[in-house]
**Q** 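Just dropping this structure here.
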Amino acid sequence: MATPYTQVLPLPRHQHFPKPNPYSITVTNDRYFANHPLVLLIDKCHSIKQLKQIHARMLRIELFFDPFSASKLIEASALSHFCSLNYAQKVFDQIPQPNLFSWNALIRAYSSSQDPIRSLLIFVNMLCEGRDFPSKFTYPFVIKASAKMKAFRFGKGLHGMVVKGGFGLDLFVLNSLIHFYADCECLDAAYLVFENMQTRDVVSWNTMILGFAEEGYANEGLKLFHRMVDENVKPNDVTMMALLSACGNKLDLDFGRWVHAFIERNGIRESLTLDNAILDMYMKCGSIEDAERLFNKMGKKDIVSWTTMLVGYARAANFDAARSVLNTMPSQDIAAWNALISAYEQSGKPKEALAVFNELQLIKKAKPDEVTLVCTLSACAQLGAIDLGGWIHVYIKKQGIKLSCHLTTALIDMYSKCGDVEKALEVFHSVNVRDVFVWSAMIAGLAMHGRGKDAISLFLKMHENNVKPNSVTLTNVLCASSHSGLVEEGRAIFNQMETVYGIVPGVKHYACLVDILGRAGELEEAVELIKNMPVTPGPSVWGALLGACRLYGNLELAEQACNQLVELEPENHGAYVLLSNIYAKSGKWDEVSMLRKLMRECGLKKEPGCSSIEVNGIVHEFLVGDNTHPLSQKIYAKLDEIAARLKSVGYVSNKSQVLQLIEEEDMQEQALNLHSEKLAMAFGLISAAPSQPIRIMKNLRVCGDCHTVAKLLSKLYDREILLRDRYRFHHFKEGNCSCKDYW
DNA sequence: TTCCCGGAGG
């Protein structure tokens with residue numbers, strides 16, 4: 001009877017080899033079993049199933065314990081077209097004495113996998129075992145893994161070993177070193193390796209040109225290309241792709257067209273990949289026409305070609321065209337869906353992004369991956385859609401998806417921006433790998449909820465954990481200081497930025513400090529700072545000063561700041577609105593109307609205030625005086641009831657807020673009572689379960705009157721109200737707000 | 001055996 005094994009592959013009938021003895025295999029002749037029929041059969045395998053059968057057979061006859069034969073098995077399981085890294089690792093773990101070939105195969109397989117770190121670990125293990133020494137086949141892959149991980153110190157160490165080990169002239173090793181240094185954004189070192197090479201092949205040139213192109217030195221890349229042509233090295237398709245990448249980064253359409261022509265003129269090997277790269281270049285340079293012309297001409301198209309078109313349309317905000325690409329493409333893989341979701345999310349259309357996600361869930365054409373979840377979570381964060389966000393969190397758990405740093409960051413950001421900072425902290429504490437993004441998101445979350453002290457202590461903990469902060473982290477922690485009025489702490493951190501944290505303060509950091517000083521009433525010091533700062537003060541700096549002037553009613557300084565702001569950003573209606581607020585506060589109505597006239601003449605319009613609230617997973621939006629909601633009648637009835645109850649506790653509306661910079665169409669009677677956040681609060685009181693806090697998201701800053709009303713409502717109705725405005729969160733509870741009226 | 005196009009977070 002046939003064994004399962006013979007059903008798949010013909011089993012050699014005669015066994016010419018003696019049975020190997022695992023204890024005597026200190027065989028001097030490494031390749032003793034190289035021609036063993038079972039070993040020969042390995043190369044003929046077509047599936048992992050066949051390979052497993054051979055594996056079993058090899059174990060049975062103990063051939064597996066011959067290092068060479070085992071290494072062939074490793075090679076097939078790790079590197080063949082049907083490879084499975086999991087299986088390769090298991091095979092490897094069974095081998096008592098892996099040979100160099102086995103080590104190399106596994107290091108190579110991991111170097112292009114999702115966890116390149118395993119390459120490095122295996123490499124270190126190999127050194128520790130001390131039987132085999134890295135060869136010229138080891139270094140390119142372990143260096144590649146270091147490049148992928150941007151493990152700069154490790155890679156530099158490898159470079160040292162390469163030189164000492166006598167591989168300093170090997171073309172492959174040196175090419176991989178160029179690539180490594182370029183990936184680590186260390187172009188000087190990459191170029192040094194390149195220049196010192198005695199011989200270079202086309203790959204050396206390509207790698208160096210691509211290094212320049214990707215780091216934003218397109219001109220250096222181009223220069224190197226010309227030098228390459230001068231030295232009679234024939235460019236190939238990969239060279240062209242490097243040049244196209246440079247064009248795409250430089251947004252240089254003319255140069256891109258020239259490269260396209262060069263490809264056709266010089267008979268560069270045409271390939272789908274190259275065509276896709278040209279498509280991508282045209283889309284990045286904004287020439288949809290050129291891209292379409294090429295796309296229509298292309299004989300072969302793959303998923304990448306279609307997705308490139310989709311992304312191009314979506315980036316140009318042509319969502320209809322993007323959508324129709326998605327509908328037309330022969331197979332919709334998840335990347336295409338992600339492209340559409342992300343385009344919506346990034347263009348401030350989170351609702352549309354969620355609609356696409358829901359559709360994907362319904363029709364199940366592709367399975368959401370990590371990117372999908374990250375984009376969708378971002379959309380939830382923008383909208384404040386905590387129900388859907390929480391649902392995705394459950395989905396992640398149910399599917400057993402590992403929380404990568406990307407995903408962790410997105411979850412923390414979503415929970416924070418949806419008002420549940422406790423849940424964000426829970427996620428933060430539940431993971432054990434935290435990169436700078438994860439820490440920064442958590443610090444930002446605490447900051448926006450007014451928990452400045454917690455944010456600062458988290459920042460210090462991050463420092464203790466040896467995670468190097470970046471410029472955004474510092475902005476977040478300074479922002480936390482400013483939101484909580486922690487002047488001394490903020491100033492101290494700012495002063496330590498360069499010396500302790502290695503970050504040169506940029507304009508945003510200066511703006512934060514101006515904000516910190518300004519809110520604390522140190523206007524003079526803030527002005528001194530602006531005068532003496534080494535970077536040109538940008539809109540954020542003047543905006544911070546203007547905000548401080550509003551708080552302290554300093555008209556003269558406010559005018560100066562506003563002038564600067566308008567000069568930098570003529571379109572900035574926010575500046576006019578703030579200044580006009582300040583005028584209104586001090587009763588200068590002439591100036592208010594003058595400003596309003598000016599705004600009208602310039603065609604500036606105040607962004608309409610809009611509040612949204614999620615109830616039972618559905619997001620409801622309200623504009624000022626909105627009566628389009630199906631429950632509109634009930635909402636207005638509730639508003640009347642609210643007004644009556646407010647009156648009964650002696651509340652008088654703050655009239656100065658009515659006159660505050662509202663456009664004419666808003667200048668109706670009860671403009672103030674119809675602010676979008678009030679409508680949303682009334683709707684929340686009607687619809688949300690009494691045990692649930694009312695969560696409202698507003699696109700602009702909350703006005704003083706609405707803030708007062710929300711405080712009173714939280715007490716009168718015994719409801720927690722969470723209000724997210726443009727800058728931060730307000731937690732209203734029992735008549736108080738978490739911002740301590742300081743915002 | 002090295003270089004290669006599309007989708008992602010604070």
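Chain letters run A, B, ... following the sequence lines, proteins first, then strands; residues in each count from 1. All values derive from a computational prediction rather than experimental measurement.
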**Q** I need the OH-C1' distance between A:Tyr344 and B:dA8, as an integer number of Å.
**A** 19 Å

**Q** Going by the rule side chain to side chain donor-acceptor pair (under 3.5 Å), which residues pair with A:Glu220 if we only count those two or more places apart in sequence or in a different chain?
**A** none

**Q** Looking only at side-chain atoms of A:His406, point me to the closest of B:dC3, B:dA8, B:dG6.
**A** B:dA8

**Q** Any idea which of B:dG6, B:dG9, B:dC4 is nearest the A:Val374 side chain?
**A** B:dG9

**Q** What is the distance from CG of A:Asp435 to P of B:dG9, rounded to the nearest Å?
**A** 13 Å

**Q** Rounded to the Å, how far apart are A:Lys144 NZ and B:dT1 P?
**A** 12 Å

**Q** OP1 or OP2 of B:dG7 less than 4.0 angstrom from a side-chain nitrogen or oxygen of A:Thr307, does that happen here?
**A** no

**Q** What's A:Val436 touching, base or sugar-phosphate or nothing? Going by heavy atoms closer than 4.0 Å.
**A** base

**Q** Round to a whole Å and report the spacing from CG of A:Asn338 to P of B:dG7.
**A** 10 Å

**Q** Taking only the side-chain heavy atoms of A:Ala441 (C-beta and beyond), determine which of B:dG10, B:dG7, B:dA8 contains the nearest atom.
**A** B:dG10

**Q** Please report the distance, rounded to the nearest Å, between CG in A:Leu407 and C1' in B:dG7.
**A** 15 Å

**Q** Indicate whether any N or O donor in one side chain lies under 3.5 Å from an N or O acceptor in the other, for A:Thr138 and A:Ser135.
**A** yes

**Q** Before we go on, tell me: are the rings of A:His393 and A:Tyr415 under 6.0 Å apart, centre to centre?
**A** yes

**Q** Looking at A:Arg315, I'd like to know whether one of its side-chain N or O atoms comes within less than 4.0 Å of OP1 or OP2 on B:dG7.
**A** yes

**Q** Side chain of A:His179, heavy atoms from C-beta onward: which of B:dG9, B:dG7, B:dC4 has the nearest atom to it?
**A** B:dC4

**Q** Is A:Ser271 touching bases, backbone alone, or none of the nucleic acid, heavy atoms closer than 4.0 Å?
**A** nothing

**Q** I'd like to check the ring-ring contact (aromatic ring centres under 6.0 Å, His included) partners of A:Tyr181; sequence neighbours left out, ordered by chain and number.
**A** A:His159

**Q** If you check the A:Val311 side chain, which of B:dG9, B:dC3, B:dG7 turns out closest?
**A** B:dG7

**Q** Considering only B:dA8, B:dC3, B:dG9, which nucleotide approaches the side chain of A:Val371 most closely?
**A** B:dA8

**Q** Taking the six-membered ring for Trp, are the ring centroids of A:Tyr282 and A:Phe295 within less than 6.0 Å of each other?
**A** no

**Q** Whole angstrom is fine here: how far is it from CG in A:Leu177 over to C1' in B:dT1?
**A** 15 Å

**Q** Under 4.0 Å between a side-chain N or O of A:Lys284 and OP1 or OP2 of B:dG6?
**A** yes

**Q** The side chain of A:Val304 lies closest to which of these nucleotides: B:dC3, B:dG10, B:dG6?
**A** B:dG6

**Q** Among B:dT2, B:dC5, B:dG7, find the nucleotide with the atom closest to the side chain of A:Ala277.
**A** B:dC5

**Q** Answer yes if the ring centres of A:Phe319 and A:Tyr313 are under 6.0 angstrom apart, and no otherwise.
**A** no

**Q** So what does A:Ile278 touch, heavy atoms closer than 4.0 Å: a base, only the sugar-phosphate, or nothing?
**A** nothing

**Q** Provide, to the nearest angstrom, the distance between the CZ atom belonging to A:Arg269 and the P atom belonging to B:dC4.
**A** 14 Å

**Q** Rounded to whole angstrom units, what separation is found between the CD atom of A:Gln382 and the C1' atom of B:dG10?
**A** 14 Å

**Q** Categorize A:Asn104 for me: base, sugar-phosphate, or nothing, with a 4.0 angstrom heavy-atom threshold over every strand shown.
**A** nothing

**Q** Counting only side-chain nitrogens and oxygens, does A:Gln346 get under 4.0 Å of the OP1 or OP2 atom of B:dG7?
**A** no

**Q** Using the rule for Phe, Tyr, His and the six-membered ring of Trp, do A:Phe437 and B:dG9 stack at under 5.5 Å and under 30°?
**A** yes

**Q** Can you tell me which nucleotide in B:dT2, B:dG6, B:dG9 comes closest to the side chain of A:Asp333?
**A** B:dG6

**Q** The side chain of A:Ser440 is closest to which nucleotide in this list: B:dC3, B:dG10, B:dA8?
**A** B:dG10

**Q** Considering only heavy atoms and no angle criterion, is a donor-acceptor pair shorter than 3.5 Å present between the side chain of A:Asp302 and the base of B:dG6?
**A** no

**Q** Looking for any heavy atom pair under 4.0 Å, which part of the strands does A:Leu274 touch: base, sugar-phosphate only, or nothing?
**A** nothing

**Q** Identify whether any heavy atom of A:Thr273 sits under 4.0 Å from a base atom; if not, whether one sits that close to sugar-phosphate; answer base, sugar-phosphate or nothing.
**A** base

**Q** Would the A:Phe428 and A:Trp439 ring centres measure less than 6.0 Å apart?
**A** yes

**Q** Would A:Phe172 count as stacking on B:dT1 if stacking means ring centres less than 5.5 angstrom apart and planes tilted under 30 degrees?
**A** yes

